[in-house]
There are 2 protein chains.
Amino acid sequence: MPRPTIEDVAARAGVSRALVSLVLRGSPKVSAGRRAAVLRAAEELGYSPHLMARSLASRTSHVLGVMVSDLHNPFWAEVVDGLDAGARSAGFELVINTGGRSPARERQALTGLLSFRPAGVALLGPVLPASAFTGASAHTPVVLVSRSSRVSTVDTVNDDGRAGSAMAVDHLVSLGHREIAHIDGGNGSQSAPRRTGYVTAMRRHGLTPRVVRGEYTEAAGAAAVRALLSPAPPTAVLAANDLNAVGAISALEEAGLSVPGDVSVVGYDNTWLAALRHVSLTTIDQPRAEMGRLAAEALVHRVRGERVTPARHLLPPRLVVRATTAAPRAMSGL
Amino acid sequence: MPRPTIEDVAARAGVSRALVSLVLRGSPKVSAGRRAAVLRAAEELGYSPHLMARSLASRTSHVLGVMVSDLHNPFWAEVVDGLDAGARSAGFELVINTGGRSPARERQALTGLLSFRPAGVALLGPVLPASAFTGASAHTPVVLVSRSSRVSTVDTVNDDGRAGSAMAVDHLVSLGHREIAHIDGGNGSQSAPRRTGYVTAMRRHGLTPRVVRGEYTEAAGAAAVRALLSPAPPTAVLAANDLNAVGAISALEEAGLSVPGDVSVVGYDNTWLAALRHVSLTTIDQPRAEMGRLAAEALVHRVRGERVTPARHLLPPRLVVRATTAAPRAMSGL
DNA sequence: ATGAAAGCGCTAACAA
DNA sequence: TTGTTAGCGCTTTCAT
């Protein structure tokens with residue numbers, strides 16, 4: 001048994017399709033009697049409008065497509081919260097897709113999203129090549145979160161990764177560390193600026209950078225630490241993100257090194273994982289909900305044609321000191 | 001500039017709309033020459049079909065709607081992985097929505113999903129009243145994950161929560177515990193069977209159940225522990241889920257109690273959070289990916305009309321012993 | 001205030 | 001093998 005259509009409602013209420021349409025969209029130019037009849041008929045039939053037929057006919061859409069690169073990383077859940085709030089308050093609805101941190105899968109996800117002809121698309125931490133979304137941005141507003149772009153039809157929302165890494169380095173240096181290693185995010189989104197920020201800050205302090213390639217996962221954090229163990233472990237590690245940091249901590253402890261006693265560890269993101277009292281990770285906070293909200297806003301502005309120049313949000317990160325950083329052993333013994 | 005339509009492609013390739021449609025859907029009854037021309041035109045225009053116009057015309061859908069109750073709980077990300085794999089291999093695509101653990105929001109999410117007229121809908125850990133989805137299930141196949149239902153038009157995929165809780169209790173009892181408390185999941189999905197399993201197992205061992213109301217969050221775990229501290233803390237706690245367990249552990253440690261030295265803690269779900277070496281939580285494993293796969297399969301079977309009887313998957317949970325459980329202090333002193 | 005008619009992008013008979 | 005025609009469920013002029 002197919003779902004009831006507007007035609008069914010019209011028939012039951014004894015009016016025309018057009019009238020039902022008006023009532024459903026709250027037009028004031030409908031008599032109270034007819035309005036009541038239509039609403040009752042709709043109610044009785046359990047009618048709910050076919051959103052896509054509607055947007056096909058009206059040539060408009062109130063759907064924002066969201067591609068999440070990695071549903072497992074709590075960071076994105078928190079960004080989605082902000083996006084959801086922003087979209088909702090502007091009368092838009094979210095449709096989410098996931099990319100599994102693979103360019104090919106992300107491409108599919110984006111195509112899938114676009115096939116709904118959404119009003120706009122947000123790509124959260126995409127790793128796909130820029131060409132994949134610049135084309136789309138000609139027809140549909142696109143906003144990138146945690147990834148930069150110079151394409152003028154694409155908006156971006158990022159934290160200042162260079163500044164964030166520098167804050168972490170400065171914090172560690174001020175504690176007395178001089179051997180500070182960095183596990184990077186490989187070809188993950190935003191890993192380049194964070195790496196640059198780290199290297200620059202190290203040089204500024206007259207220290208030698210030591211970067212080991214990683215990924216935004218726990219396993220990569222653990223693997224990277226094993227690589228760092230020889231010839232001699234650093235006294236501090238700036239991880240790619242919180243997840244990565246937790247993996248690094250585990251591997252350090254497995255190797256018989258205590259955190260922060262022997263090695264200090266700093267994460268990045270400040271997700272709930274870092275805040276777990278049991279983890280208490282010193283980390284760099286990104287304003288996650290705010291980033292989501294700004295992404296929604298950027299899209300909505302483009303949709304409404306209120307802006308044609310690219311939005312380039314670069315938000316200031318913030319150091320959050322918790323329990324995984326301390327003065328190096330040699331220093332504390334002084 | 002609007003996106004190109006099938007009409008644009010047809011014009012550019014010098015053929016009719018219908019022919020383009022045939023080519024795009026891989027019909028064999030098209031000459032090689034025309035096919036090439038059409039594909040080239042589509043390529044040049046960057047054309048991608050309007051999925052909703054397609055499903056409107058064909059009266060079919062290859063979209064599965066997914067309502068995730070809580071995007072922050074890693075459990076669901078792992079279920080979605082399975083769902084995605086299952087859907088993909090059957091030629092379906094996922095559209096995800098989130099409910100924020102609130103009945104009202106979930107209702108909106110479900111309505112939003114249904115307005116796309118998906119082939120089927122999966123509700124992951126819904127807390128909304130059954131009436132909200134029984135109506136929908138008359139028109140659209142519905143599968144519930146981590147929530148039971150007796151409605152014959154609704155399929156369900158659950159782990160055996162009673163058995164899972166019993167396993168946890170048995171494990172703790174075998175270690176020598178007698179004062180075992182349970183933090184429940186409040187009105188969260190599946191909290192009832194887990195609680196029943198706990199109470200039944202406790203009675204079977206001649207022990208007195210002690211249940212404190214909770215929720216599937218870290219904060220609730222911490223709050224529940226504070227309530228458990230007086231008059232005297234138990235020697236073991238079965239938490240509502242992994243997230244909850246981690247909160248409980250933090251609160252215990254804050255109160256000066258060590259885990260598992262003073263108090264043993266068992267989680268539920270076996271998400272990556274529990275597996276983090278830094279957490280090493282003893283927990284009850286649910287086959288998350290498998291549950292997602294089964295949910296997708298249930299939907300696909302209904303869509304294809306291959307089954308009209310309700311699917312009732314009840315999967316066996318499994319005890320995973322890690323580092324948060326040990327014999328109680330009094331025993332180990334013997 | 002209400003209805004008739006056209007059309008959104010596409011598929012599915014049916015013709016040719 | 002290809003084109004023509006009639007919708008799918010809805011909105012939107014344009015009349016009335």
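Lettering of chains follows the sequences in order, A, B, ..., and the numbering in each one begins at 1.
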Quiz prompt | Ring geometry between B:Phe92 and B:His62 (parallel below 30°, tilted from 30 to 60°, perpendicular above 60°) | solution = parallel
Quiz item: Is it true that the side chains of A:Ser21 and A:Arg17 contain a donor and an acceptor less than 3.5 Å apart?
Solution: no
Quiz item: With distance as the sole criterion, is a donor-acceptor pair present between the side chains of A:His72 and B:Asp81 under 3.5 Å?
Solution: yes
Got a list of protein N/O to nucleotides 14-16 of chain D N/O distances below 3.5 Å?
none

Side-chain donor-acceptor pairs of residues 286-298 of chain A under 3.5 Å, sequence neighbours excluded:
residue	atom	partner	partner atom	Å
A:Gln286	NE2	A:Asp269	OD1	2.8
A:Arg288	NE	A:Glu78	OE1	2.3
A:Arg288	NH1	A:Asp269	O	3.1
A:Arg288	NH1	A:Asn270	O	3.0
A:Arg288	NH1	A:Asp285	OD1	3.0
A:Arg288	NH1	A:Gln286	O	2.8
A:Arg288	NH2	A:Glu78	OE1	3.2
A:Arg288	NH2	A:Asn270	O	3.2
A:Glu290	OE1	A:Arg293	NE	3.3
A:Glu290	OE2	A:Arg293	NH2	3.4

Quiz item: Hey, what do you get for OG (B:Ser61) to CD (B:Glu93), rounding to the nearest 0.5 Å?
Solution: 9.5 Å
Quiz item: Out of B:His301, B:Arg302, B:His313, which residue meets the side chain to side chain contact (heavy atoms under 4.5 Å, CB included) rule with B:Asp155?
Solution: B:Arg302
Quiz item: Do the two ring centres, one from A:Phe75 and one from A:Tyr216, sit under 6.0 Å apart?
Solution: no
Quiz item: Is any side-chain N or O of A:Ser16 closer than 4.0 Å to OP1 or OP2 of C:dA4?
Solution: no
Practice problem: Check whether any side-chain nitrogen or oxygen of B:Arg34 sits under 4.0 Å from OP1 or OP2 of D:dT2, and answer yes or no. | Solution: yes
Exercise. Quick one: which residue pairs count as a side-chain hydrogen bond (donor to acceptor under 3.5 Å, both in side chains) with a foot in residues 98-110 of chain B, not counting sequence neighbours?
Key: A:Asp84-B:Arg105, A:Arg88-B:Gln108, B:Asp70-B:Arg101, B:Arg101-B:Glu215
Quiz item: Hey, what bend do you get for the helix from C:dA1-D:dT16 to C:dA16-D:dT1 if you fit axes on five pairs at each end, rounded to 10°?
Solution: 40°
Quiz item: Whole-Å distance between C:dA1 P and A:Arg35 CZ?
Solution: 10 Å
Quiz prompt | Base-contact (B) and sugar-phosphate-only (S) positions in nucleotides 8-13 of chain C, heavy-atom cut-off under 4.0 Å, - elsewhere | solution = BBBBB-
Quiz prompt | Side chain A:Ser189, main chain A:Ser146, donor-acceptor under 3.5 Å | solution = yes
Return a table of donor-acceptor pairs under 3.5 angstrom between the side chains of residues 41-49 of chain A and protein atoms on other chains or two or more places apart.
residue	atom	partner	partner atom	Å
A:Glu44	OE1	A:Arg12	NH1	2.0
A:Glu44	OE2	A:Arg40	NH1	3.4

